[in-house]
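I have placed the structure first, in the form of structure tokens, so that the comments after it can refer back to it.
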Amino acid sequence: MHNKNKENTNFIESIIKKIVIEGKSIERIQTRFPPEPNGYLHIGHAKAICMDFGIVKKYGGICNLRFDDTNPVKENIEYINSILKDIIWLGFNWGKIYYTSDYFQKLWNFAIQLIQAGKAYVDEQSSKEIAEQKGTPNQSGINSPYRDRPIIENLDLFNKMNQGEITEGTMVLRAKIDMSSPNMHLRDPIIYRIIDHHLHHRTGNKWKVYPMYDFAHGQSDYFEGVTHSICTLEFAVHRPLYDWFIDQLKIFHPENKDYRPSQYEFNRLNLTYTVMSKRKLAQLIRDNIVNGWDDPRMPTLAGLRRRGYTPESIRNFIDKIGYTKFEALIDISLLEYSIREDLNTKAKRVFVVIDPIKLILINYPKEKIEMMEITNNPGNDLEGTHKIAFSRELYIEKEDFMENASKNFYRLTIGKEVRLKNAYIVKCIGVKKNKSGILKEIYAEYYPQTKSGLKESNRKIKGTLHWVSIKHSIPAEVRLYDYLFTVKNPSEEKNFYEKINPNSLTIKTTARIEKELENASPLENFQFQRLGYFNVDPDSTKNKLIFNKTVSLKESKKNKFKFKQIKNNK
RNA sequence: UGUCCCAUGGUGUAAUGGUAGCACAUCUGAUUUUGAUUCAGCCAGUCUAGGUUCAAAUCCUAGUGGGACAACCA
């Protein structure tokens, strides 16, 4: 409490710590990360990954990866590959890779045992009838007319279900538990359903029946020897069922007397201005709101990677938000802080003008070229410098000039001096406009003795601008991103589609970049000075360079003033 | 007409009966050849009411508020 370096310990870690430190009953820790391969991993999964893998990294043990592939209708190999890639990218290693489908035979056998023990039965009612009999949370259910079907008949029907003799949707296997339980999940849950005419990505057409989540998850944990089955809060209500199946399993496996997996639940990640459910994300893709799972606006790991987020920044972010049982909504600014914090130390500083306007230095020799030196990272001299060409005709940002500026405007305006970063101090002496009054060129004088490095350059100048030489700069496309939604919590909207931000993507084809960027490699991070952090899009080619804006530089309130002014100008 | 879970500054998260701390955000100042960074600082909190105790954010009871559960999804 008084130690500044003390790290925060979440409640799940406390449980583990107790085991490790006190040497309690189990000395072995085994966790698992169990994604369903029905979509790409998002930053909410990163939270689970950091928990599952992180806990064994820290306290010793094994974390395996298990693909929870019990529903061939939604799952495929593309998703499996993306999941493998994203976990590695995040910086974690699994012990073994398992598939729930590896246990289909074992689960089948277990189901048979349950039937034989009179604890499971085949129900041939419609899903609607079954739902009606289930009652409501406030009202207890009633027994199915098939509940007391003879064991022999159950065995026979269950076999037929798996042999393609029964039409999909007409029969299910249910566990016989308690139709009046206050916990809905204990009201004779369906444990097997028929899925026909869908090839499973691993078992093909071998099975016609597939176990439901509740009948697969805990059992898989048990088969693998998982000790701590950590998941999100919405599964807390499943825990009694999880334990019930483990109890049954232990009856048939008396040899594992001292072993029992336990489920622990933490709060899932909610982020402002986005949605986190795979279903909703898939919907955005389907309706072309975004361009796929790796669209830089998506909260997926693939999207964040393409946007320019680093694995370190995501891990640090997860570290900051913690794990509790409180349904929290995390402000996206914390994520943005995390990537700025990381990139500030890593990203090379370069000059890029996104919205160019010509700046002509009328007293600078026409053919003269000077190579100016730019510090790659002002926070770290070891990263050195690079050179950029300077000449008479330059581009600066349109935003950096204003004809009628208030005194809060530090940048260029007629009659005022400004510093061209790493070059000269210049004074604006006039502009040229076309017939419609649109600004075409800005004219300035430079002071030769104010070149960076010279004594005279130490003069205090309030404004400093970035620039590129027209002749020496290269055109590029820059993609600017905004939040996907216009409200903080789109998930709580009746129709979250109404809150989609129509301006979440702005493509700028006018950008001019310094030559240093010509050979940048895909995903490489940069700071475009005064603009923000950007990275190279994977689609970028030598002939068409494309950059993504990761995040702006921090905007103080003073800085925000400039945006107001610009809006008013339009 | 239920069962379970949760409640600490604006946001998130620590404090495991003994000094309510940290981060982000906001704001103020200093530094600055990025209106960035860095540095210094300000603002601001235990849902309510009882109870137990020398001592309660922490334990108990009730209330209030929020969430989860009624897929042949996971």
Side-chain angles (χ1 to χ4, degrees), chain A residues 1-2 4 6-11 14 34-36 38 68 70-71 73-75 123 126-127 130-132 134-141 168-174 181-185 187 190-195 209-210 212-214 216-217 231 233-240 265 267 272 278-279 319-331 333-338 340-341 344-345 349 375 377-379 408-411 419-423 425 452 457-466 527-532 552-562:
Chain A
M1 191 170 176
H2 316 295
K4 265 189 182 171
K6 183 183 178 301
E7 46 183 280
N8 293 340
T9 305
N10 64 65
F11 73 102
S14 300
E36 183 191 11
N38 68 341
D68 212 350
T70 58
N71 186 353
V73 178
K74 295 167 145 191
E75 298 150 6
D123 198 329
S126 68
S127 62
I130 291 175
E132 278 165 5
K134 213 163 224 175
T136 69
N138 296 327
Q139 202 173 3
S140 85
E168 183 174 325
T170 59
M171 285 189 198
V172 291
L173 186 69
R174 292 228 259 168
S181 168
N183 185 326
M184 298 293 290
H185 295 275
R187 322 244 260 230
I190 292 168
I191 58 178
Y192 266 96
R193 80 289 210 186
I194 300 168
I195 296 177
V209 292
Y210 290 88
M212 299 283 289
Y213 165 84
D214 286 303
H217 203 92
C231 61
L233 239 30
E234 69 271 24
F235 292 101
V237 67
H238 293 244
R239 197 185 331 129
E265 310 92 8
N267 61 343
T272 55
K278 268 195 231 172
R279 206 200 84 236
D319 229 43
K320 288 185 182 89
I321 62 176
Y323 298 85
T324 66
K325 302 182 87 162
F326 176 70
E327 200 69 43
L329 177 63
I330 310 285
D331 199 313
S333 64
L334 188 58
L335 214 213
E336 294 171 344
Y337 168 79
S338 301
R340 285 192 194 108
E341 181 189 38
N344 181 41
T345 66
R349 271 63 171 172
T375 307
N377 187 339
N408 291 332
F409 188 76
Y410 299 173
R411 286 161 272 173
R419 184 190 302 279
L420 296 179
K421 191 170 165 65
N422 299 309
I425 296 172
S452 284
S457 75
N458 290 335
R459 262 166 59 196
K460 281 258 186 270
I461 296 286
K462 194 83 170 166
T464 303
L465 309 187
H466 62 281
Q527 186 196 94
F528 292 2
Q529 292 208 83
R530 300 209 307 130
L531 297 177
S552 66
L553 261 26
K554 190 180 170 185
E555 285 155 13
S556 65
K557 207 158 205 178
K558 289 174 204 156
N559 200 0
K560 273 174 194 160
F561 147 88
K562 96 181 177 199

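Hydrogens, waters and symmetry mates play no part in the numbers below; they use all other heavy atoms, side chains included. The structure presented is a predicted model; accordingly, all values stated were derived computationally and were not measured. In what follows, chains carry the letters A, B, and so on, assigned in the order in which the sequence lines appear, proteins first and then strands, with residues in each chain numbered from 1.
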Rounded distance (Å) that lies between atom [atom2] of [N] and atom [atom1] of [X]:
X: A:K554; N: B:A23; atom1: NZ; atom2: P; result: 13 Å
X: A:Q527; N: B:U38; atom1: CD; atom2: P; result: 12 Å
X: A:E234; N: B:C6; atom1: CD; atom2: C1'; result: 15 Å
X: A:I195; N: B:C72; atom1: CD1; atom2: C1'; result: 8 Å
X: A:H466; N: B:U37; atom1: NE2; atom2: P; result: 17 Å
X: A:H238; N: B:A71; atom1: NE2; atom2: C1'; result: 10 Å
X: A:H185; N: B:C72; atom1: NE2; atom2: C1'; result: 15 Å
X: A:D214; N: B:C72; atom1: CG; atom2: C1'; result: 13 Å

Atom [atom1] of [X] and atom [atom2] of [Y]: how far apart are they, to the nearest 0.5 Å?
X: A:Y323; Y: A:N267; atom1: OH; atom2: CG; value: 9.5 Å
X: A:T375; Y: A:K421; atom1: OG1; atom2: NZ; value: 7.0 Å
X: A:M184; Y: A:S181; atom1: CE; atom2: OG; value: 9.5 Å

Return the nearest nucleotide to the side chain of [X]; candidates are [options].
X: A:S127; options: B:C72, B:U16, B:A7; result: B:C72
X: A:K74; options: B:C73, B:U33, B:G67; result: B:C73
X: A:I190; options: B:G12, B:A14, B:C72; result: B:C72
X: A:Y337; options: B:A74, B:C69, B:A25; result: B:A25
X: A:R419; options: B:U33, B:A74, B:U34; result: B:U33
X: A:V172; options: B:C72, B:G12, B:A36; result: B:C72
X: A:S452; options: B:A23, B:U33, B:A14; result: B:U33
X: A:R411; options: B:C24, B:G35, B:A71; result: B:G35
X: A:N71; options: B:U34, B:C73, B:G12; result: B:C73
X: A:Q529; options: B:A74, B:U34, B:C6; result: B:U34

- request: Check whether the side chain of A:S181 and the base of B:U3 form a donor-acceptor pair under 3.5 Å.
  value: no
message: On the side chain of A:T464, is there an atom forming a donor-acceptor pair with the base of B:U34 - under 3.5 Å, no angle test?
response: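 Check fails, no donor-acceptor contact within cut-off.
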Chi angles and distances behind the side-chain contact (heavy atoms from CB on, under 4.5 Å) call for A:L531, A:L553: CA-CA 6 Å; A:L531 297 177; A:L553 261 26; over 6 Å; no
Report the base-pairing partner of [N] (Watson-Crick or G-U wobble, both distances below 3.5 angstrom), or none.
N: B:U37; value: none
N: B:G17; value: none
N: B:G9; value: none
N: B:A71; value: none
N: B:A57; value: none

Looking at [X], I'd like to know whether one of its side-chain N or O atoms comes within less than 4.0 Å of OP1 or OP2 on [N].
X: A:N377; N: B:U37; answer: no
X: A:R349; N: B:U34; answer: no
X: A:R193; N: B:A74; answer: yes
X: A:K462; N: B:U33; answer: no
X: A:T324; N: B:U13; answer: yes

field: First of A:A328 and A:R340 reached from the 5' end of RNA chain B, by closest nucleotide
entry: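 Nearer the 5' end of the strand: A:A328.
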message: Closest-nucleotide mapping onto RNA chain B: is A:I321 or A:P137 further toward the 5' terminus? I mean the 5' end.
response: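 Looking at RNA chain B, the more 5' nearest nucleotide goes with A:P137.
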Name the nucleic acid region contacted by [X], choosing base, sugar-phosphate or nothing; use a 4.0 angstrom heavy-atom cut-off, strictly under.
X: A:N10; value: sugar-phosphate
X: A:K325; value: sugar-phosphate
X: A:N422; value: base
X: A:Y323; value: sugar-phosphate
X: A:N38; value: nothing
X: A:G169; value: base

Under-4.0 Å salt bridge between A:R239 and A:E265: yes
- prompt: Between A:E341 and A:K320, is there a side-chain N and carboxylate O pair less than 4.0 Å apart?
  reply: yes
- prompt: C1' atom, B:G9 versus B:U3: distance in rounded Å?
  reply: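 Comparing C1' positions in B:G9 and B:U3 gives a spacing of 34 Å.
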message: Can you tell me how the ring of A:Y213 sits relative to the ring of A:H238, calling it parallel under 30°, perpendicular over 60° and tilted otherwise?
response: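 Perpendicular.
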- request: With the side chain counted from C-beta on, respond yes when A:P378 and A:R349 share a heavy-atom pair under 4.5 Å apart, and no when they do not.
  value: yes
